[in-house]
Structure formats: C-alpha cells, structure tokens
Amino acid sequence: MIEVLAGLRARHGSPLSTSSTDPQQNEQSWVWNTGEDLITAVKHDGKIRQQFVIAYRPSRLRPETL
C-alpha cells in the first residue's frame with residue numbers, strides 16, 4: 001500500500017484532496033486527477049482487518065479548469 005501511494009505521488013504529484021481520519025472508522029482517501037484518469041485510493045482500518053482499495057476511471061474534469 002505504501003509503495004502504491006508513493007508511486008502515485010512520484011508520478012502525479014500530491015493528491016488533489018485528502019480526507020482526515022475519523023476516530024470511529026479511521027478511513028483515509030486520496031484523489032489524483034491526471035487529466036485523463038481519476039485515481040482514487042481509500043484505506044480503511046477496521047477492528048478486524050485493514051482494507052485498501054484503488055480505483056481508476058476516465059476523468060470528465062480537466063485540472064486546468066479547476
């Protein structure tokens with residue numbers, strides 16, 4: 001997980017948005033808009049297990065218009 005996030009930061013820069021962790025759920029989200037793709041990574045620390053999900057989809061937003 002750490003290697004994936006470091007690779008995304010090295011390739012695409014800092015994420016556009018980062019959520020804060022919630023004391024109840026401890027969930028973090030990172031979003032990159034490459035201009036062609038929207039990359040979302042979510043880490044969830046639960047009491048039983050840790051989950052990490054990464055998703056790619058075509059982007060309809062252009063970073064230069066934000």
Side-chain angles (χ1 to χ4, degrees):
M1 173 192 69
I2 294 170
E3 295 85 5
V4 172
L5 293 174
L8 287 168
R9 284 179 193 232
R11 185 171 183 149
H12 302 295
S14 295
L16 292 177
S17 65
T18 302
S19 67
S20 61
T21 57
D22 183 302
Q24 299 293 327
Q25 290 191 344
N26 198 18
E27 186 172 290
Q28 294 176 298
S29 301
W30 300 270
V31 179
W32 287 267
N33 184 353
T34 67
E36 294 181 12
D37 295 317
L38 186 65
I39 304 168
T40 306
V42 179
K43 177 185 147 195
H44 178 80
D45 288 327
K47 293 181 179 181
I48 299 173
R49 63 182 173 175
Q50 184 181 62
Q51 297 174 324
F52 181 71
V53 177
I54 190 163
Y56 294 86
R57 65 180 179 171
S59 177
R60 293 183 181 172
L61 298 173
R62 300 288 174 237
E64 60 271 5
T65 61
L66 295 176

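Residue numbers run from 1 in the order of the sequence given.
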d(Q51 CD, K43 NZ) to nearest 0.5 Å is 12.5 Å
Within one Ile-Leu-Val-Met-Phe-Trp-Tyr cluster: I2 and W32, side-chain cutoff 4.5 Å: yes
Measuring from atom CD1 of I39 to atom CZ of R11, what distance do you get when rounded to the nearest 0.5 angstrom? 8.0 Å
side-chain contact (heavy atoms from CB on, under 4.5 Å) partner of F52, chosen from V42, V4, D45: V4
What pair of heavy atoms forms the shortest contact from L5 to A41, and how long is it? CD2-CB, 4.0 Å
Heavy-atom distance under 4.5 Å between the side chains of W30 and L8, does that happen here? no
All side chain to side chain contact (heavy atoms under 4.5 Å, CB included) counterparts of E3, not counting sequence neighbours: none
